[in-house]
Amino acid sequence: MDDLLTRTLGHTVEVRADLQAGAARANADPNQLELAILNLAINARDAMGEGGTVTVSSRIAHDWHEGLEPGRYVVIAVSDTGHGIPAELLQKVFDPFFTTKSVGKGTGLGLSQVYGIATQSGGTVRIDSTVGVGTSIEIWLPISDAAERLRPSEIPSSETPLSQGERILVVDDDAGVRHFIVQCLKSLGYVVTEASGGQAGLDRIAGDHPDLMVVDFAMPGVNGAQVATQARQLAPNLAVLLVTGYADAQAIKDLVQSEAVLRKPSKVSDLAVAVRRTLEERASLPA
């Protein structure tokens with residue numbers, strides 16, 4: 001993830017790695033783990049204001065604590081040199097929707113969802129923070145003896161398709177979700193612009209010249225399907241990817257049969273594949 005983190009965090013942040021876990025393998029979904037680390041790194045960057053150092057480290061832990069089964073764990077930590085979190089707030093950071101960020105700042109996944117990614121693999125998340133010094137968040141994952149026996153050549157590989165120079169306009173009224181999608185797409189190499197609502201997105205088309213619009217389905221005023229219809233009147237060759245948090249994405253797809261649909265929250269790889277597929281399908285249509 002070195003290149004991904006460097007591109008995403010920007011030139012004011014130094015990314016360091018201190019990887020001590022060796023060849024040990026953990027039980028985890030690799031795409032969700034990537035998403036969790038990326039979110040923690042983005043949160044770390046935002047906590048440092050004018051810049052600083054983000055360190056991604058790993059180690060083997062032979063101890064455990066309440067909530068974990070006895071055994072060996074891979075511990076992945078993302079640490080920053082930011083402003084830190086006051087002690088009275090540390091017990092709240094894993095609550096859904098809790099954030100220490102100011103209004104208008106992206107909220108990413110939130111630590112509650114990072115915690116969920118860890119616990120579904122039999123692990124947990126720990127946090128240590130000192131005001132004025134920085135914060136370190138650890139993801140604990142159980143080591144899998146079966147996985148350790150795999151040779152590298154036997155581990156399935158998955159390609160995350162990157163940009164081929166396309167421009168993408170992201171339209172979402174939720175600032176946190178929009179910020180996260182924008183960061184992911186930029187990390188994949190796309191030129192990305194954004195708008196906070198349907199009409200604002202339509203107003204940007206003429207100036208931004210996007211190849212693809214990623215638009216949230218459920219927005220006040222005009223929904224994503226209506227935005228897509230109006231957008232194509234302005235730019236007939238525009239590709240559109242609808243993003244929905246609805247549990248039944250198929251129902252949305254039936255409603256807008258001509259549009260590609262991606263459920264959220266999604267993995268970085270799912271977003272990358274959906275964007276590439278939508279661009280290629282649009283390019284294959286007759287002019």
In this structure, CG of Asn27 is separated from CG of Leu141 (nearest 0.5 Å) by 8.5 Å
Within the 4.5 Å heavy-atom criterion, are Thr193 and Val170 side-chain neighbours or not? no
Check: Would a hydrophobic clustering, with Ile, Leu, Val, Met, Phe, Trp and Tyr connected at side-chain separations under 4.5 Å, put Leu241 with Leu162?
Finding: yes
On a heavy-atom basis, the closest approach of Val227 and Gly198 is CG2-CA, 3.5 Å
Side chain to side chain contact (heavy atoms under 4.5 Å, CB included) test vs Ile42 passes for just one of Asn39, Asp46, Leu40, namely Asp46
Please determine whether residues Val171 and Val191 belong to a single hydrophobic cluster, defined as Ile, Leu, Val, Met, Phe, Trp and Tyr linked transitively by side-chain heavy-atom distances below 4.5 Å. no
In this structure, CD of Glu14 is separated from OG1 of Thr6 (nearest 0.5 Å) by 10.0 Å
Check your understanding: Is the backbone of Thr53 close enough, under 3.5 Å, to the side chain of Thr81 for a donor and an acceptor to pair up by distance?
Key -> yes
In short, Thr8 meets Arg45 closest at the heavy-atom pair O-NH1, 3.1 Å
dist Glu138:CD -> Thr124:OG1 (nearest 0.5 Å) comes out at 10.5 Å
Notebook entry, point to check: Can you check whether Asn223's main-chain N or O pairs, donor with acceptor, with Gln226's side chain at less than 3.5 Å?
Noted result: yes
Q) Counting only N and O atoms by type, is there a donor-acceptor contact under 3.5 Å from the side chain of Arg178 to the main-chain atoms of Asp172? A) yes
Looking only at heavy atoms, the pair that brings Gly224 and Val215 closest together is CA-CG2, 3.9 Å
Going through the distances and angles, do Ile127 and Val125 end up as a side-chain contact (heavy atoms from CB on, under 4.5 Å)? CA-CA 7 Å; Ile127 183 168; Val125 177; 5.8 Å; no
Would you kindly confirm whether Ile137 and Val133 end up in one hydrophobic cluster when ILVMFWY residues are joined by side chain heavy atoms under 4.5 Å apart?
no
For Leu238 and Arg282, the nearest pair of non-hydrogen atoms, with its separation, is O-NE, 3.4 Å
Q.
Check whether Asp128 reaches the backbone of Ser136 with its side chain - one donor and one acceptor, N or O, closer than 3.5 Å.
A. no
- prompt: Passes side-chain contact (heavy atoms from CB on, under 4.5 Å), Leu4 versus Glu34? Steps please.
  reply: CA-CA 10 Å; Leu4 176 66; Glu34 177 184 283; 4.3 Å; yes
Exercise. Are Glu166 and Leu212 close enough, and set up right, to give a side-chain contact (heavy atoms from CB on, under 4.5 Å), and what steps lead you there?
Worked result: CA-CA 8 Å; Glu166 295 92 349; Leu212 169 70; over 6 Å; no
Check whether any side-chain heavy atom of Leu5 sits under 4.5 Å from a side-chain heavy atom of Val54, and report yes or no. no
Worksheet item: Does Arg167 use its side chain to pair, donor to acceptor, with the backbone of Asp208 at less than 3.5 Å?
Response: yes
Rounded to the nearest 0.5 Å, the CE atom of Met213 sits from the OG1 atom of Thr278 at a distance of 13.5 Å
The reported gap from CG in Leu35 to CD1 in Ile117 (rounded to nearest 0.5 angstrom) is 5.5 Å
* To do: Dump the intermediate steps for side-chain contact (heavy atoms from CB on, under 4.5 Å) on Arg276 and Leu279, then the final yes or no.
  => CA-CA 5 Å; Arg276 175 52 48 199; Leu279 284 166; 4.1 Å; yes
Ignoring hydrogens and geometry, is there a side-chain-to-backbone donor-acceptor pair from Ser58 to Gln20 under 3.5 Å? yes
Check: Going only through I, L, V, M, F, W and Y residues with side-chain contacts under 4.5 Å, is there a path from Leu169 to Leu234?
Finding: yes
To the nearest 0.5 Å, atom CD1 of Ile139 lies from atom OG1 of Thr119 at 11.0 Å
Closest non-hydrogen contact found for Ala41 with Leu9 is O-CD2, 3.5 Å
Shortest non-hydrogen pair, Ala195 vs Ala200, comes out as CB-C, 3.7 Å
Are the side chain of Arg59 and the backbone of Ala77 linked by a donor-acceptor contact shorter than 3.5 Å? no
